[in-house]
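Here's the structure we're looking at; comments come further down.
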Amino acid sequence: MEPQKKITSFPDDAVSRTAASAFGIPYLYPIQRLVIANILDAAREGQEEKAFSRQVVLLPTGAGKSFCFLIPALLLDGPTLAIYPLLALMGDQKRKLDQAGIAYTYLAGSQNPKSREAEFRKLEEGKARIIIANPEVLQGEAVLSRLAACGIAHVAVDEAHCVCDWGDSFRPAYLTLGKILDRLAPKAVTAFTATASEPVLARIKEILFDGESHVIRGEADRPNIRYSVINCLNKKKEALRLSASCPKPMIIFCGTRYKAEDMAREIAALQICASGKSQVSFYHAGMEREEKKRVEAAFYSSSSGILCATCAYGMGVDKKDVRTVVHLECPMTVEEYAQESGRAGRDGKESSAILLWSPSDSRKFAEYGEGSRERKMLLYAQAGSCRRQVLMETLGAAPVACSGCDVCGRGGGPAPFAEDGMRALRFIRKHRRLYGREELSAQLIKQLNKEDLPLFSVSVWEHSDIELLLDGLEKEGLMRTCRFPWKGRITTLSGSCTGS
């Protein structure tokens, strides 16, 4: 929602005029105008058909979803309540509104009574047209009563897939949104998301709208993103390689807070060795609020930074020039993956989304039932045909011509087994039955560090890294320890090995 340029002559219609004067937008896409028209018609005149005033809007990341409710918010008689899942998103929206010079009311659970009263005073005096909140702050009766008295015209539920993904697990406040909407009685309600398969869409409609709503579906494809999967045994080392070789800015999504911090430390150590300074940071829900703000601001303004983050950073934070998104761990569903990989290339320029995949991932996701949302992540990672088509199929979108994925490109996709494991296996095959386990590990440390020295300038492979590779090869049945007469020596399963 960045102002694009100063506009000195405004269009005639109110929507275009507001877009230009408030946000510096010279034009709106047809689908944005359709969504805005539905909101304005429902909120101003009311609709006999409830489903038409209750809409679910599916637009890809970077397609300008926020303008679909911010522009009408400045034209409606009553205020607009925008519900976000994360404090990071709320803070991001605050920053954008501050830049545009638009007053708002901000409601968060951490506010003291004096701050909360000041926020409500802005709203009740008509100084704020937009209310920024999350589901949890709406659980309090005092907050809900005062909002109900303000005559809310429109409620926008941003990142609405969280209703399903989080409401049924660790965010029960999402399951109360239907009752909250009934209490506030807005004339228009819009749920926005970039990713929703049919089961997720059905759950959103069930919780928010009693199963009845109007669905507007935009083009789900992000043609400027190239999708690829790297099979590996040692994900951390592969992420280090990508951090040194892929375009920046970069986000590396990690499965836990510890892994986000650990990955950032590893990259920082390499960067300091190479250049004397580091441009990497970490981000997760366990950080203090001020520290989060500092990290968000630093990464937002960086043209070469790397952010190691959990999913706490994943949704809606509007940094447009992220060139590479890497997933250290695989999200549980294709919807989550599409959402997080969609952080790349919001400016429309060529970008990459890279998933690191291991044999243990294959075993884990194979345990989920056929047709489950989790099992479809396995289909994506192990696709023998276009990955983009797997994404589109799962999201219920129309087929598209592939504009870039590793399967459709040269080489026909990644190696069938872990690429780092194959590096070790080639060395073992060349020196079959020559080394015992400890000797082999020492030799592989020398060999892999020699191979990677041009990339890192320092040695990065350690004993624990090699053991991870050897354990993986052994578990997959690609190497074994010989018995007599080469007792204790390591060999591969290819070719004959008498007595092995």
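When reading the values below, keep in mind they use all heavy atoms of this one structure, side chains included, and skip hydrogens, waters and symmetry mates.
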Task: Note, Met263 side chain near Phe282 side chain (heavy atom, < 4.5 Å) - done: no

- [ ] Quick one: closest heavy-atom pair of Cys68 and Val35, and the distance?
- [x] CB-CG1, 3.8 Å

TODO: Can you sort out the partners of Lys349 under side chain to side chain contact (heavy atoms under 4.5 Å, CB included), two or more places apart, ordered by chain and number?
DONE: Arg323, Asp347

Open item on the list: Rounded at 0.5 Å granularity, tell me how far CG in Leu147 sits from CG in Leu184.
Closed with: 6.0 Å

TODO: Look at Lys65 together with Asp158 and state whether they make a salt bridge at an N to O cut-off of under 4.0 Å.
DONE: no

Task: Asp98/Lys94 ion pair, N-O < 4.0 Å - done: no

- [ ] Give the intermediate values and the outcome of side chain to side chain donor-acceptor pair (under 3.5 Å) for residues Gln443 and Gln447.
- [x] CA-CA 6 Å; Gln443 291 298 321; Gln447 179 64 28; over 6 Å; no

Quiz: residues 388-397 side-chain donor-acceptor pairs under 3.5 angstrom, not counting sequence neighbours:
unit_1: Arg388; atom_1: NH1; unit_2: Asp221; atom_2: OD1; d: 2.7
unit_1: Arg388; atom_1: NH1; unit_2: Arg222; atom_2: O; d: 3.0
unit_1: Arg388; atom_1: NH2; unit_2: Ile225; atom_2: O; d: 2.5
unit_1: Arg388; atom_1: NH2; unit_2: Ser403; atom_2: OG; d: 3.3
unit_1: Arg388; atom_1: NH2; unit_2: Gly404; atom_2: O; d: 2.8
unit_1: Gln389; atom_1: NE2; unit_2: Val400; atom_2: O; d: 2.0
unit_1: Thr394; atom_1: OG1; unit_2: Val390; atom_2: O; d: 2.9

TODO: Decide yes or no on side chain to side chain contact (heavy atoms under 4.5 Å, CB included) for Arg375 and Leu378, but give the supporting numbers first.
DONE: CA-CA 5 Å; Arg375 189 61 175 261; Leu378 178 73; 3.4 Å; yes

Task: Derivation of the side chain to side chain donor-acceptor pair (under 3.5 Å) call for Tyr313 and Arg343 - done: CA-CA 10 Å; Tyr313 190 83; Arg343 297 301 98 214; over 6 Å; no

Task: Sub-4.5 Å side-chain heavy-atom contact between Leu444 and Leu470 - done: yes

Task: Any residue meeting ring-ring contact (aromatic ring centres under 6.0 Å, His included) with Phe69, in chain and number order, not counting sequence neighbours - done: Phe192

Open item on the list: Checking Tyr337 now: which residues fulfil ring-ring contact (aromatic ring centres under 6.0 Å, His included) with it, not counting sequence neighbours?
Closed with: His327, Tyr380

Task: Electrostatic pair Lys236-Asp420, nearest N-O below 4.0 angstrom - done: no

Task: Lys/Arg N to Asp/Glu carboxylate O, Asp361 vs Lys235, below 4.0 Å - done: yes

TODO: Go through the structure and list residues passing side chain to side chain donor-acceptor pair (under 3.5 Å) with Asn234, not counting sequence neighbours.
DONE: Asp465

Task: Nearest atoms (heavy-atom pairs only) where Thr310 meets Ala285 - done: OG1-N, 4.2 Å

Task: Residues His161 and Glu336: side-chain donor-acceptor under 3.5 angstrom - done: no

Open item on the list: For Lys292, run the side-chain contact (heavy atoms from CB on, under 4.5 Å) check against Arg294, Arg289, Glu296 and tell me which one passes.
Closed with: Glu296

Task: Salt-bridge present (Glu141, Arg183; N to O < 4.0 Å) - done: yes

- [ ] Give, for atom CD1 of Ile466 and atom CD of Glu438, the distance between the pair rounded to the nearest 0.5 Å.
- [x] 12.0 Å

Task: Residues in side chain to side chain donor-acceptor pair (under 3.5 Å) contact with Thr176, at least two apart in sequence or another chain - done: Gln139

Task: Any donor-acceptor pair under 3.5 Å from Thr324 side chain to Pro247 backbone - done: yes

Open item on the list: Let's go through Val143 and Arg116 carefully: what are the C-alpha distance in whole Å and the side-chain angles of both, what is the deciding distance for side chain to side chain contact (heavy atoms under 4.5 Å, CB included) to 0.1 Å, and is it a yes or a no?
Closed with: CA-CA 9 Å; Val143 170; Arg116 176 71 55 78; 3.3 Å; yes

Open item on the list: Let's go through Gln55 and Ser213 carefully: what are the C-alpha distance in whole Å and the side-chain angles of both, what is the deciding distance for side chain to side chain donor-acceptor pair (under 3.5 Å) to 0.1 Å, and is it a yes or a no?
Closed with: CA-CA 5 Å; Gln55 56 184 346; Ser213 70; over 6 Å; no

Open item on the list: To check you understand the geometry: which heavy-atom pair defines the closest contact between Leu455 and Ser245, and what is its length?
Closed with: CD1-CB, 4.0 Å

TODO: Return the set of residues passing side chain to side chain donor-acceptor pair (under 3.5 Å) with Glu119 (not counting sequence neighbours), or none when no residue passes.
DONE: Lys122

Open item on the list: Going by the rule ring-ring contact (aromatic ring centres under 6.0 Å, His included), which residues pair with Tyr84 if we only count those two or more places apart in sequence or in a different chain?
Closed with: none

Open item on the list: Quick check: closest heavy atoms across Pro359 and Glu476, and the distance to 0.1 Å?
Closed with: CB-OE2, 3.3 Å

TODO: Verify, without hydrogens or angle tests, whether Glu329 (side chain) and Gly255 (backbone) share a donor-acceptor contact under 3.5 angstrom.
DONE: yes

- [ ] Scan side-chain atoms only and decide if Arg373 and Tyr368 contain a donor-acceptor pair under the 3.5 Å cut-off.
- [x] no

Task: Smallest separation among heavy atoms of Cys308 and Ile267, with atom names - done: SG-CD1, 4.0 Å

TODO: List the atom of Ala424, the atom of Leu469, and the distance in Å for their closest heavy-atom pair.
DONE: CB-CD1, 4.2 Å

Open item on the list: List the residues meeting side chain to side chain contact (heavy atoms under 4.5 Å, CB included) with Ser459, not counting sequence neighbours, and say none if there are none.
Closed with: Asn449

Task: NZ or CZ of Arg146 within 45° of Phe120 ring axis and under 6.0 Å - done: yes

TODO: Please identify each residue that fulfils ring-ring contact (aromatic ring centres under 6.0 Å, His included) with Tyr174, with sequence neighbours left out.
DONE: none

Open item on the list: For Ser362, give me all partners under side chain to side chain donor-acceptor pair (under 3.5 Å), at least two apart in sequence or on another chain.
Closed with: Trp357, Gln382

Task: Distance under 6.0 Å and angle within 45° of ring axis: Lys319 vs Phe299 - done: yes

Task: Test item: Asn231 and Ser358 side chains (from C-beta on) under 4.5 Å apart, heavy atoms - done: no

Task: Spatial distance of atom CZ (Arg423) from atom CD1 (Ile428) [nearest 0.5 Å] - done: 13.0 Å

Task: Minimum side-chain heavy-atom gap Leu307-Ile252 below 4.5 Å - done: no

Task: CA sep, side-chain torsions, deciding dist, call: Val334, Ser197, side chain to side chain contact (heavy atoms under 4.5 Å, CB included) - done: CA-CA 9 Å; Val334 170; Ser197 61; over 6 Å; no

TODO: With sequence neighbours excluded, tell me which residues meet side chain to side chain contact (heavy atoms under 4.5 Å, CB included) with Tyr258.
DONE: Thr256, Asp262, Arg265

Open item on the list: In the structure I gave you, are the side-chain heavy atoms of Leu201 and Lys205 within less than 4.5 Å of one another anywhere?
Closed with: yes

TODO: Return the orientation label for the Trp166 and Phe170 ring planes: parallel under 30°, perpendicular over 60°, tilted otherwise.
DONE: tilted

Task: Criterion side chain to side chain contact (heavy atoms under 4.5 Å, CB included) on Arg203 and Asp168, from CA distance to verdict - done: CA-CA 10 Å; Arg203 186 66 171 143; Asp168 290 323; 2.6 Å; yes

TODO: Give a yes or no on whether a salt bridge exists between Arg217 and Glu198, defined as a side-chain N under 4.0 angstrom from a carboxylate O.
DONE: yes

Open item on the list: Do Leu242 and Leu356 make a side-chain contact, defined as non-hydrogen atoms from C-beta onward lying under 4.5 Å apart?
Closed with: yes

